[in-house]
Structure formats: C-alpha cells, structure tokens
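Encoded as structure tokens, the structure appears first; notes follow it.
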Amino acid sequence: MVSVGSKALPLRRRRTCNFVEDSLMGEDNQSYIQGKRKKGMNRKASGERHGFDGYNSNKNASGKMSDGSMKARKSSEHQNTSVSQTTHVRKQVDPEMAKYFLEIANLFESSEVDLEERSVICGNALEETRGKELEVATDYIISHTLQTLLEGCDVDHLCGFLRSCAKDFPYIAMDRSGSHVAETAIKSLAKHLQDNDAYSVIEETLTILCKVVVANPVDLMRCSYGSHVLRSLLCLCKGVTIDSTEFHVTKSSTVLAERLNFKASQRDGNDSPQLQQGFPDLLKFLMSGMLNCTRKDIMTLQVDQFSSFVLQTALKLLVGNDEELLHVILILLGCTKKDFVEGNFIEMAVVRDVVDLVKETAFSHLMEVILEVAPEILYNEIFTKIFKNSLFELSSHHCGNFVVQSLISHARHQDQMDLIWEELGPKFKDLLEMGRSGVIASLIAASQRLHCYEQKCCQALAAAACSVDEAPKFIVPRILFLDNYFRSENKSLWTWTSGLKMHVMGSLILQAVFRYKSEYIQPYILSITIMEADHVLEVAKDAGGARVIEAFLSSDASAKLKRRLVAKLRGHFGELSMQSSGSYTVEKCFTASNMSLREAIVSELVTVQSELSKTKQGPHLLRKLDVDRFSSRPDQWRSKQTSKQSTYKEFYTTFGSSEAKSSKNDGFLVDTPKNSSHPKDLKEMRKEIDHHLSSSVPFLSMSGSKRKPKKADQRSGKYPKNSVDDDITKAKKKKLDKKKGHGGSENAGAAVKKQKT
C-alpha cells in the first residue's frame with residue numbers, strides 16, 4: 001500500500017510516486033460511470049431536489065395543477081434559461097484531470113482513508129481545480145466527486161474554491177450538475193459556521209459571491225436550477241437551516257391545515273431552527289440587489305414560476321423586519337414611488353394590474369405569501385384598495401380563488417370580515433357550483449377564529465346544500481359528495497352513490513362545522529344522526545369521512561345523539577379497527593360511549609385481537625381500550641371503567657365548564673368541552689387520569705410525593721377509595737389556588753362566560 005504522504009500529494013507532483021496501484025490507473029472510465037449509477041448517484045434531468053419541494057412540470061409552487069397556458073409559459077422559460085446559459089461556452093475537462101478525479105473517487109470508496117487524511121486529500125484536490133472550477137463542477141460525472149471534496153475539506157480550502165470560481169458561480173449554479181455542487185458548497189459553509197473562528201473568512205467569501213449574484217440576478221432567479229441555489233444562499237445569509245421547509249415552498253396540505261385552523265402556522269411560534277450566526281447585512285444587500293431591476297425585469301419576475309419560488313423564500317426570511325418587508329412587497333406589487341406614506345402605500349394606477357396578475361399562476365402563489373407576511377398596515381391597504389369589490393370575481397378564477405383563501409385566512413378583525421361577508425356571504429351556492437369550496441372552507445375557519453358570522457356561515461352552507469322545502473337529512477351526504485352533487489344535472493334526483501370517494505374539501509368543511517356551538521349546527525347534527533347504518537359505515541371506512549365522524553363525536557352535541565351514531569356501527573368495529581384510518585374512529589367511538597356500548601366495542605375487538613396486534617395501529621388501540629384485561633378478566637375491566645367514569649365526573653365537576661357539569665348524567669364524559677377554562681390543563685389531567693387508572697396506580701397518589709404505592713395494591717389492581725378522594729380534594733385545592741394566583745375566577749364556567757361577554 002502507498003503511504004499517507006503520497007495520497008495527499010497534488011496532481012503536479014503525483015507522477016513521481018505510486019498514488020494508487022497501476023491496476024487502478026488502467027480502470028476504464030465507463031466502469032466508474034456504471035458504479036456511480038449503481039450507488040444512486042445518477043441525477044434526474046428534471047432538476048428535482050430533496051432539500052426543497054420537487055418541481056414537477058405539471059405542478060406549481062403549492063402543488064396545484066397548472067393549466068395549459070402555464071405549461072406553455074414554463075416551456076418558454078426553459079428556452080430563455082438555455083439561451084442565457086449557452087452564451088458561456090464551457091470547456092471539456094482534460095483527460096488527465098478526469099483520471100485524477102477517478103482515482104480520488106475510487107480511493108474514497110475503498111474506505112482506506114481516515115478522517116484526517118481525507119481532509120488533506122480533499123484540500124489538495126481542490127487546489128488542482130483552480131482556474132478549472134467551471135469545467136469540473138459542470139461535468140456530469142466528476143461533479144459527484146467534487147461534492148465529496150467540498151464536504152470533506154477544511155473551511156480555508158472551501159472558501160478558496162468559492163472565491164476562485166466566484167466569477168463563474170452563476171453559470172455553475174444554473175447548470176444541472178453544477179447546481180448540486182453550488183448547493184453542497186453552501187451547506188458546507190453552514191456547517192463550518194458552528195466554529196466561531198470561521199465566521200470572518202466565510203463572510204468575506206459570501207460577500208464576493210453576493211456581489212457577483214446581484215450583478216445579474218434575473219437569469220439566476222428564472223433558472224430552475226439556479227433558483228434552488230439562490231434560495232439556499234438566502235437561507236445561509238439569514239442564519240436558518242438551509243433544508244428547513246418553513247422557508248421554502250410550503251406543501252399545499254400544510255397551507256390548507258393552517259388556513260382551516262387544524263394546525264398552527266409555522267411562523268406563529270417563531271421557533272425556526274437557527275444557526276449560530278447569520279449575515280443580516282449581506283441578506284439585505286442580496287435582497288436589494290435582486291430587486292434593483294428595471295421595470296421590465298420586475299414584470300418578468302412577477303409571472304415567472306422559479307422567480308416566484310425565490311421571492312416567496314425571501315419574503316418568509318424577512319418576517320420580523322416590517323420596514324424591509326414593506327419596501328420589498330411594494331416593489332413586487334409594481335409600485336414605483338420612492339417615499340411611501342401610511343394610508344397611501346399603493347398607487348391606484350397599479351391596482352387593476354395587480355388584480356389581473358393575481359390570475360397568473362406564478363404571481364398568485366407569490367401573492368398568497370405576501371398576504372401571509374405583510375405588516376398589518378400594508379395588509380389593510382392591500383385589502384381595501386386591491387381586493388375590495390373584486391372578491392367574487394377572483395374567487396371564481398382557478399388561480400385567484402387561492403389568493404382569496406389566503407386573504408380570508410389572514411383577515412385581522414371583524415371590519416374586514418364584514419366586507420368579506422358582504423361580497424361572498426350570499427354566494428355560497430355559486431361558489432360550490434363552480435368548485436370553489438376552498439373559499440367557503442377558509443371563510444368558515446375565519447369566522448371561528450374571529451368569532452363572528454358563525455351562525456350565518458352555518459345557515460348559508462346549509463341553504464346551499466339543501467333548499468328550504470327539502471328535509472335537512474340531505475345536508476351532510478351532499479357535502480360529503482360535494483362535487484358529485486353540485487355537478488349533477490338534476491340535483492333533486494341525486495342519491496347516495498356507494499363506492500364513490502368522498503370529497504376531501506367537503507369532509508374538511510364538515511369537520512370545521514362540527515367545531516361550532518351545537519345551537520348553530522342542529523341541522524347538521526340531525527342529518528348525520530339519522531343517516532342509514534350502511535351509509536354511516538361507508539363514511540367510517542373513507543379516510544375523510546372517518547374524520548367527519550370523529551369531529552362530530554368531539555363536538556358539544558349531546559352524548560345521547562353521539563351514542564345513537566356509534567350504535568349504527570355495531571358489528572363493524574373489528575373491521576374498522578383493522579384500517580389505519582378507522583382505528584382512531586373506533587377509539588373515538590369508545591370514548592363517546594356508555595358502558596354497554598363500550599363493552600360491545602371491546603367484545604368485537606377481542607375476536608380480531610391476534611390480527612390487530614400485528615398492524616401498525618393495533619397495539620395502541622388494544623392497549624388504550626384495555627382489550628387484554630377484558631378478554632381475561634371482564635369483571636375487573638368493568639370495575640376499571642366505572643372507576644374512570646367516576647373520576648372523570650368528579651374532575652369535571654370541579655374544573656370543567658357549566659356545560660360539563662350539566663352533562664354528567666349523560667353517561668361517560670367525552671372530549672373536553674370547548675369553553676372550559678383551561679383546555680390544555682384539562683387535557684393533560686385527563687391523560688394523567690387515564691395513565692394512572694390503566695396502570696393500577698391511584699390517581700394523583702404520586703403527585704408531589706416520592707413514596708411508592710404498596711405492592712399489594714399494585715398486584716390486586718385495587719386501592720382504597722379514601723386515598724383517591726383525598727388526592728382529588730388536594731388537586732382541586734391546588735388548581736383553585738393556582739387560578740386565584742393568576743387573577744382568575746374560582747368558578748371555571750363563570751370565567752369562560754366572563755371572557756365571552
């Protein structure tokens with residue numbers, strides 16, 4: 001074997017020693033290529049990335065399907081990109097350099113190099129690329145090895161490579177292979193930032209790169225490959241994790257969950273992963289340079305798909321800097337004034353242009369993010385100047401309706417909801433017939449968030465799905481099959497069609513509806529509880545439909561009505577539990593049931609216990625419902641359930657709302673009432689009750705004490721009633737003292753009522 005020293009020698013001195021064995025020197029290049037393909041190093045021509053959302057030619061930024069015009073525009077963008085790239089002629093890598101990199105690649109694959117040797121070899125190899133970085137980085141095969149070198153070298157060699165190729169960096173970034181090299185280099189810089197001593201040299205390197213980028217940012221932003229690199233560079237300057245999905249194109253499912261209040265916004269917690277340091281001055285310089293374009297260039301960026309991706313990332317990175325956000329957003333809207341005055345930010349001359357731009361695919365995605373991050377003073381002006389009196393027009397458009405959804409989801413106060421309702425409230429049926437159910441879903445979610453127009457939303461949706469002379473039993477089925485119903489030629493003859501997949505947005509709308517107060521949703525409650533048993537089963541087997549049943553069981557409808565629905569699934573709980581989506585429905589049904597129904601559910605699970613335990617969701621469900629205990633000691637299982645019911649009732653009597661107190665005679669208490677005073681505390685306490693009762697440990701007997709329960713009690717699964725009563729009394733006193741200390745009311749129900757008034 002050769003010595004460590006010979007391995008570290010650069011190419012110009014390698015000829016005088018045996019860097020590798022002669023047999024390796026004679027290896028054919030083709031075998032190297034095939035080896036790389038076997039190792040999964042082959043790159044797709046589509047330019048997809050794992051670090052960001054992949055870009056399918058038929059998808060846009062939020063995953064929505066584009067129309068024909070979008071495809072044509074994208075094709076033209078690719079042509080423009082190719083033209084800009086071919087203006088720089090790339091030389092081929094000379095054979096000696098190719099052989100050198102082949103040998104290094106095989107040396108690394110042999111696993112004969114330790115970490116210290118690897119760093120030295122990487123550094124020396126990078127020095128050999130000086131003046132030839134463009135050719136090496138854009139070579140389809142050698143670029144893989146170059147990525148390995150950039151990952152393994154020290155910070156000085158990494159920065160030296162980037163400074164040396166700075167003038168060609170845009171061309172490298174816009175190349176299919178070179179873009180991977182550029183991103184690897186940026187990610188390596190981020191890793192080296194963990195060393196404080198490396199900050200200054202990295203800052204110098206990034207300054208050089210940013211100056212080159214802002215000299216001609218438009219081509220880089222419009223390139224499918226270059227846009228990835230630029231977004232990574234922006235993240236590095238901000239000081240956030242480069243692969244963090246929070247600052248890139250957000251998946252449509254995540255956006256939808258946030259808009260419908262199913263998930264908190266990623267930016268609400270302000271807990272994005274941070275690197276040790278960022279480069280705020282460079283971020284500002286890069287942003288201003290990107291937008292320091294001619295009016296014609298700005299118009300190009302507004303409607304370009306890949307530029308939209310870059311600008312969306314940039315806007316999200318600027319959250320918290322309202323002054324900079326204000327400046328950037330106004331430029332993107334086409335405003336040309338230098339001095340902006342509150343209340344007169346947006347020039348009336350650009351209003352109609354922006355309304356038309358919202359109908360463009362790329363700009364519509366950009367506008368969604370603008371509405372999400374805009375400072376309140378600017379959002380208010382965008383709302384009143386651009387969108388007022390255009391809401392229904394835009395809601396009717398296949399791109400514009402997504403922007404309206406974003407506008408509604410980020411409405412700040414009731415005055416804005418007044419304007420929204422004035423334009424869209426009477427149009428529920430029209431929107432559903434046009435397939436714009438997302439607008440209605442966003443409006444329902446906003447009404448719940450801002451606590452206004454809640455009853456009117458319920459009434460308008462019910463009226464759209466069912467005419468006044470029809471029975472309300474049709475409401476839920478028609479919303480479950482939203483498109484199928486509203487696209488039928490004769491709606492009066494529409495009937496339930498078995499086997500059809502239920503409408504995703506329809507099921508989401510119903511989930512949101514069941515979060516309203518029961519007094520607002522009586523027609524919906526009636527509709528779902530009088531459904532035929534076979535229809536209820538079909539709903540429970542559908543992934544979206546199952547979530548609707550769960551939402552109803554979690555609503556504040558009466559326990560009696562919930563049990564009526566659960567009873568219609570008798571005989572099918574074992575079948576449902578075997579499905580990944582149905583197992584949680586079974587759990588919800590169990591929670592909402594009284595003792596007889598609970599016993600029926602567990603009895604059915606006993607028959608499929610063996611098969612269920614082998615599924616992913618099975619062990620949790622079997623443990624949660626305590627199926628083992630029921631199958632072996634049913635009397636003890638019943639005693640356990642009775643104890644749990646008694647504990648819940650005592651707990652809710654003290655800590656729950658007045659609704660919870662009044663419902664204690666309805667059988668087993670279900671989910672925490674919506675207007676209880678401390679929902680998070682109640683939920684945690686409920687978990688504690690479940691945990692201690694299921695583990696045969698007296699509830700709260702361990703609270704504030706390190707003593708262990710007696711072994712006899714643990715073995716028998718029984719415990720003195722006095723102990724439980726004492727612990728509950730202590731918990732009540734502790735909870736009430738805590739409320740008084742925070743200025744709260746002793747009566748939880750009264751506190752909630754006071755907040756609402």
Side-chain angles (χ1 to χ4, degrees), residues 61 69-70 73 76-77 217-218 221-222 284 287-312 314-315 318 321-408 410-413 415-416 418-420 422-424:
S69 62
M70 179 58 207
R73 183 165 64 254
S76 129
E77 287 165 6
V218 176
M221 293 172 71
R222 296 186 63 203
K284 186 175 181 180
M287 280 296 305
S288 60
M290 284 165 47
L291 297 175
N292 188 23
C293 307
T294 64
R295 173 62 183 152
K296 183 179 179 182
D297 285 336
I298 292 294
M299 292 173 66
T300 300
L301 297 178
Q302 286 174 326
V303 296
D304 181 80
Q305 180 186 14
F306 299 111
S307 299
S308 176
F309 297 151
V310 175
L311 294 169
Q312 288 175 54
L315 288 170
L318 289 175
N321 187 343
D322 285 359
E323 184 179 348
E324 193 67 21
L325 265 177
L326 190 69
H327 177 70
V328 170
I329 291 173
L330 290 174
I331 291 176
L332 294 178
L333 293 179
C335 299
T336 57
K337 288 194 304 186
K338 299 295 182 183
D339 299 319
F340 300 108
V341 181
E342 184 175 347
N344 195 26
F345 292 122
I346 301 172
E347 304 159 29
M348 292 306 297
V350 305
V351 169
R352 190 64 236 178
D353 292 338
V354 175
V355 172
D356 291 337
L357 279 170
V358 164
K359 298 175 184 178
E360 292 285 336
T361 304
F363 189 82
S364 69
H365 295 303
L366 180 59
M367 193 67 192
E368 289 179 52
V369 177
I370 287 174
L371 293 169
E372 177 186 341
V373 304
E376 184 169 357
I377 53 173
L378 180 57
Y379 175 91
N380 295 338
E381 193 168 329
I382 290 174
F383 188 101
T384 54
K385 282 191 176 179
I386 296 176
F387 289 98
K388 186 180 178 182
N389 300 323
S390 299
L391 288 177
F392 184 68
E393 173 194 345
L394 293 174
S395 296
S396 308
H397 192 268
H398 70 279
C399 289
N401 82 92
F402 291 102
V403 179
V404 174
Q405 291 179 42
S406 181
L407 180 80
I408 295 171
H410 296 98
R412 266 60 169 188
H413 45 74
D415 290 345
Q416 291 166 349
D418 291 340
L419 294 174
I420 292 170
E422 183 181 341
E423 293 188 48
L424 298 181

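Throughout, residue positions are numbered sequentially from 1 according to the sequence presented. Since the structure is predicted, the reported quantities are computational estimates derived from the model, not experimental observations.
Looking at Tyr379, its side chain never comes within 3.5 Å of a backbone N or O of Glu372 through a donor-acceptor pair. Judged by distance alone, with hydrogens and angles left aside, the side-chain atoms of Glu324 form no donor-acceptor pair with the main-chain N or O of Leu318 at under 3.5 Å. For the pair Glu423 (side chain) and Leu391 (backbone), a donor-acceptor distance under 3.5 Å is present.
Partners of Arg352 under the side-chain hydrogen bond (donor to acceptor under 3.5 Å, both in side chains) rule, at least two apart in sequence or in another chain, are Asp356, Glu393. With sequence neighbours left out, Lys284 forms a side-chain hydrogen bond (donor to acceptor under 3.5 Å, both in side chains) with no residue at all. Considering only residues two or more places apart in sequence or on other chains, Asp353 meets the side-chain contact (heavy atoms from CB on, under 4.5 Å) condition with none of them. For Asp297, the side-chain contact (heavy atoms from CB on, under 4.5 Å) partners at least two apart in sequence or on another chain are Val218, Cys293, Thr294. For Ser406, the side-chain contact (heavy atoms from CB on, under 4.5 Å) test picks out Arg259, Glu368, Leu371, His410, with sequence neighbours left out. Remark: Asn321 pairs with no residue by the side-chain hydrogen bond (donor to acceptor under 3.5 Å, both in side chains) rule, at least two apart or across chains. Every residue meeting the side-chain contact (heavy atoms from CB on, under 4.5 Å) condition with Asp415, not counting sequence neighbours, appears here in chain and number order: His413, Asp418. With sequence neighbours excluded, no residue forms a salt bridge (charged side-chain N to carboxylate O under 4.0 Å, His left out) with Asp322. Not counting sequence neighbours, the partners of Ser307 by the side-chain hydrogen bond (donor to acceptor under 3.5 Å, both in side chains) test are Asp304.
Using a 30° and 60° split on the angle between ring planes, Phe309 and Phe306 fall in the perpendicular class, above 60°.
Between Gln416 and Asn380, some side-chain heavy-atom pair lies under the 4.5 Å cut-off. When side chains are defined from C-beta on, Ile408 counts as touching Val404, because their heavy atoms get closer than 4.5 Å. Side chains of Arg412 and Phe383 form no contact here, defined as non-hydrogen atoms less than 4.5 Å apart. Within the 4.5 Å cutoff, the side chain of Leu325 has no heavy atoms near those of the Leu378 side chain. A heavy-atom distance below 4.5 Å is not found between the side chains of Val354 and Ile346. Leu419 has its side chain out of reach of Phe387: every pair of non-hydrogen atoms, C-beta onward, lies at least 4.5 Å apart. At least one side-chain heavy atom of Leu315 sits less than 4.5 Å from a side-chain heavy atom of Leu366. Counting heavy atoms from C-beta outward, Leu333 and Phe363 have side chains that approach closer than 4.5 Å.
With rounding to the nearest 0.5 angstrom, the CG atom of Leu407 is 9.0 Å from the CD1 atom of Ile382. Between atom OG1 of residue Thr300 and atom CZ of residue Arg295 there is a gap of 10.0 Å, rounded to the nearest 0.5 Å. Separation of atoms CG (Leu332) and NE2 (His327) is listed at 9.5 Å; rounding is to 0.5 Å. One distance of note links CD1 of Ile298 with CE of Met290; it measures 9.5 Å at 0.5 Å rounding. Between the CE atom in Met221 and the CG atom in Leu311 there is a gap of 4.0 Å [rounded to 0.5 Å]. Here the CD atom belonging to Glu381 is positioned 8.5 Å from the CD1 atom belonging to Ile386, to the nearest 0.5 angstrom.
Listed here is the closest heavy atom pair of Cys399 and Glu360: SG-C, 4.4 Å.
Within a 6.0 Å sphere centred on NZ of Lys388, heavy atoms belonging to other residues, nucleotides or ligands number 12 at most.
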